[in-house]
Trainee: 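Dropping the structure in here first, questions after.
Predicted model, so just to flag it, every value in this text is computed and none were measured.
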Amino acid sequence: MSASFETNPLIERLPEHLKQFIKPQEYDEYTPINQAVWRFVMRKNVDYLSKVAHESYLDGLRKTGLEIENIPNMYGMNRILKEIGWAAVAVDGFIPPNAFMEFQAYNVLVIASDIRQLEHIEYTPAPDIIHEGAGHAPIIANPEYAEYLRRFGEIGSKAISSKKDYDMYEAIRLLSILKEAEDTPQAEIDAAEKAVEDLQNNLGALSEMARIRNLHWWTVEYGLIGTVDHPKIYGAGLLSSIGESAWCMTDAVKKLPYSIEAADQSFDITKPQPQLYVTPDFAHLSLVLEEFANTMALRTGGLSGIRKLIDSAALGTIELSTGLQVSGIFSNVIEHEGKPVYVQTTGKTALSYREKELVGHGTEYHREGFGSPIGKLKGINLAIEDMSPRDLRAYDIYEAESVTLEFEGDITVTGEIITGSRNLQGEIILISFKNCTVTHGDTVLFRPEWGIYDMAVGKKVVSAFSGPADVRSFDLITHVPSTQTIKARKTEERAALEKRYQMVRDIREGRSDASLETIFHDVSEHYPNDWLLSVEIAELLHERRDPMLHTVLDQLERLKTRRPEVAHLIANGLDLILEKENA
């Protein structure tokens, strides 16, 4: 299946740390029942959503080449998505939020290639190809929405997470796997649900990632568009759920005007949503996104941005006013009058400028961490980065000079200057010292015997964000999920039923003239609880005007009584078959 990765150049330009999540689609592993589930959902969706979805949905189905009859093949999807500037890759269930959003920033749809079981045909908390393929893919054919999705990924991938965010991701991934797997003991599901609930109740202040994931949920996944009184559906979670797409249009679901306040409205993936947000148009989505981005450390920087990185205990980056970027795991910040005056990383660190690592300042050189003062010199209004060559000479900031630099906040750097590095505007961004001592009051921060001291230059921190400035600086090939998706068990009984689904499929597609009557009686006798195959048989009998249709309909009526939990699904399937006749 490697060809499915080669048909779209957007996939080739993905960085390696994203490619680690891609897996082959294994199209041949989709069973006849899987295909029947796809077909049922798509037929029902196209019929119903043509009335309640945003106009881009049906148009997008045509443009993206999604078929009603067959689960989409990634090879074909990529060939067609290429025409609208997007690509698609298959992954195994939920992937970490930052990675998911970074894929979007590269115009690449992440598609969980598994498909929900027949028992969960209406809704599954696990991402699957119905949700991703039939939900997300059609709407990106709308250029305005596609740009929103790309921009969301670009901004969202920079959001700073907390340790609890990753715990929540793992807990939700496990819960979705257990709920989708067949015959999972209820005790295991209950324990997983409690773990998610406990985390949700103890998240504390929401991180940037938690808040922007809320925005993603209430727009990309569960968004409505139009007016509060007459909304249309565009969110992929609604477009791919034949149950919730109908439920959301009732008065039981509260409709709210979409605003930045949605960032603080958390969600529960295991239950239907009690409220949804309505955007007047796709342009409004982008306005709210930019409003939120203005609150992020990505744009505000400062002391709070550094503290967010420290709290995350994960790889992040600060950018100074000179453009110098420091990437690593931040462990400490010294503040003075509400401003950072010294910042420290622990372990491998890299220095970059404009997302490109500075030569000689990678993680091997700064493998023990990095620390530097930030801000202005004490008693001098002119920052080092703003000094002219004459100013620098006047303050002995000059190669081969021994100098003592006293920064605001009682940070002192004493040593002999070796050299300096400048940015493209001519500003000094880095000064290297030998025989250097750095102190904060009586505390020694750097000693001469530790080697060369590299001091970042910048009067303030203008940005702080998740991940490295230059993705090539760090080995990011680390994704080892704690859980794996669980495939449906292959039993002799299931294999025999699958064979009968395939026989009906072959009849419908003109590849077989087997007896529908024989198949129906066989299914009725040996698989009395299966409903979908009988609905498919009824469809073919109706097309043929075969009087045996009444026998099948009678059996389905009895099944509705015996299995009330699927009665509405049977009715939905029959409505699709008989609606033209009733009309």
Trainee: Does the side chain of Asn98 reach to within under 4.5 Å of the side chain of Met209, using non-hydrogen atoms?
Mentor: yes
Trainee: Using the side chain to side chain contact (heavy atoms under 4.5 Å, CB included) rule, pick out the option among Leu10, Leu149, Leu81, Ile84 that qualifies with Asn107.
Mentor: Leu10
Trainee: Below 4.5 Å, heavy atoms only, C-beta onward: do Ile431 and Val457 meet side chain to side chain?
Mentor: yes
Trainee: Using a cut-off of 6.0 Å, state whether more than 12 heavy atoms not belonging to Tyr365 lie near its atom OH.
Mentor: yes
Trainee: Find the distance between CD1 (Ile417) and OG (Ser402) and round it off to the nearest 0.5 Å.
Mentor: 8.5 Å
Trainee: Is there side-chain contact between Leu320 and Val462, with at least one heavy-atom pair below 4.5 Å?
Mentor: no
Trainee: To the closest 0.5 Å, what do you measure between CD (Glu406) and NZ (Lys378)?
Mentor: 5.0 Å
Trainee: Using a 3.5 Å distance criterion without hydrogens, assess whether the side chain of Ser388 forms a donor-acceptor pair with backbone atoms of Asp391.
Mentor: yes
Trainee: As an exercise, state the distance from CD1 of Ile155 to CZ of Arg150, rounded to the nearest 0.5 Å.
Mentor: 8.5 Å
Trainee: Could Glu385 and Lys460 be called an ion pair, given the rule that one side-chain N must be under 4.0 Å from one carboxylate O?
Mentor: no
Trainee: Please find the pair of heavy atoms, one from Gly316 and one from Leu309, that lie closest to each other, and give the distance.
Mentor: CA-CD2, 3.8 Å
Trainee: For Phe282 and Tyr145, take the angle between the two ring planes, folded into 0 to 90°, and tell me which bin it lands in: parallel under 30, tilted 30 to 60, perpendicular over 60.
Mentor: tilted
Trainee: Does the pair Phe21 and Phe103 meet the rule for a side chain to side chain contact (heavy atoms under 4.5 Å, CB included), with working shown?
Mentor: CA-CA 10 Å; Phe21 295 100; Phe103 270 108; 4.3 Å; yes
Trainee: Taking Asn78 as the fixed residue, which of Asn73, Leu109, Ile11, Val89 is the one that meets the side chain to side chain contact (heavy atoms under 4.5 Å, CB included) rule?
Mentor: Ile11
Trainee: Are Arg354 and Leu424 close enough, and set up right, to give a side chain to side chain contact (heavy atoms under 4.5 Å, CB included), and what steps lead you there?
Mentor: CA-CA 10 Å; Arg354 290 189 174 180; Leu424 293 176; 3.6 Å; yes
Trainee: To the closest 0.5 Å, what do you measure between CG (Leu298) and OG (Ser466)?
Mentor: 10.5 Å
Trainee: When you compare the side chains of Thr404 and Thr414, does any donor N or O come within less than 3.5 Å of an acceptor on the partner?
Mentor: yes
Trainee: Under the criterion salt bridge (charged side-chain N to carboxylate O under 4.0 Å, His left out), I'd like the reasoning laid out for Arg213 against Asp165: C-alpha separation, chi angles, the key distance, then a yes or no.
Mentor: CA-CA 10 Å; Arg213 281 190 68 218; Asp165 288 330; over 6 Å; no
Trainee: Decide yes or no on salt bridge (charged side-chain N to carboxylate O under 4.0 Å, His left out) for Arg472 and Glu355, but give the supporting numbers first.
Mentor: CA-CA 10 Å; Arg472 296 164 296 185; Glu355 289 73 51; over 6 Å; no
Trainee: Are any side-chain N or O atoms of Gln25 and backbone N or O atoms of Pro72, one a donor and one an acceptor, separated by less than 3.5 Å?
Mentor: yes
Trainee: Atom CZ in Phe152, atom CG in Leu215: separation rounded to 0.5 Å?
Mentor: 5.0 Å
Trainee: Going through the checks in order, is the salt bridge (charged side-chain N to carboxylate O under 4.0 Å, His left out) test met by Lys63 and Glu83?
Mentor: CA-CA 9 Å; Lys63 288 183 177 178; Glu83 300 302 316; over 6 Å; no
Trainee: Any donor-acceptor pair under 3.5 Å linking the side chain of His284 with the backbone of Tyr258?
Mentor: yes
Trainee: Mark yes or no for whether Thr317, through its side chain, and Gly467, through its backbone, hold a donor-acceptor pair below 3.5 Å.
Mentor: yes
Trainee: Please test Lys339 against Glu335 for salt bridge (charged side-chain N to carboxylate O under 4.0 Å, His left out), starting from the C-alpha separation and ending with a verdict.
Mentor: CA-CA 5 Å; Lys339 297 179 181 179; Glu335 63 173 290; over 6 Å; no
Trainee: Do the side chains of Lys158 and Glu208 get close enough for a salt bridge, i.e. N-O under 4.0 angstrom?
Mentor: no
Trainee: Which word best sums up how the rings of His136 and His216 line up, parallel for under 30°, tilted for 30 to 60°, or perpendicular for over 60°?
Mentor: tilted
Trainee: Check whether any side-chain N or O of Thr349 sits under 3.5 Å from a backbone N or O of Gly347 as a donor-acceptor pair, and report yes or no.
Mentor: yes
Trainee: To the nearest 0.5 Å, tell me how far Thr363 OG1 sits from Glu357 CD.
Mentor: 6.5 Å
Trainee: Would a distance-only check, ignoring hydrogens and angles, find a side-chain to backbone donor-acceptor pair under 3.5 Å from Trp218 to Gln265?
Mentor: yes
Trainee: Give me the ring orientation class for His366 and Phe370: parallel if the planes are under 30° apart, tilted from 30 to 60°, perpendicular past 60°.
Mentor: perpendicular
Trainee: Atom NZ of residue position Lys19 - does it have more than 12 heavy atoms of other residues, nucleotides or ligands inside 6.0 Å?
Mentor: yes
Trainee: Ignoring hydrogens and geometry, is there a side-chain-to-backbone donor-acceptor pair from Ser240 to Gly135 under 3.5 Å?
Mentor: no
Trainee: So does Leu445 get a backbone contact from the side chain of Tyr342, meaning a donor-acceptor N/O pair under 3.5 Å?
Mentor: no
Trainee: Any donor and acceptor pair, going by atom type alone, linking the side chain of Asn435 with main-chain N or O of Glu416 inside 3.5 Å?
Mentor: no
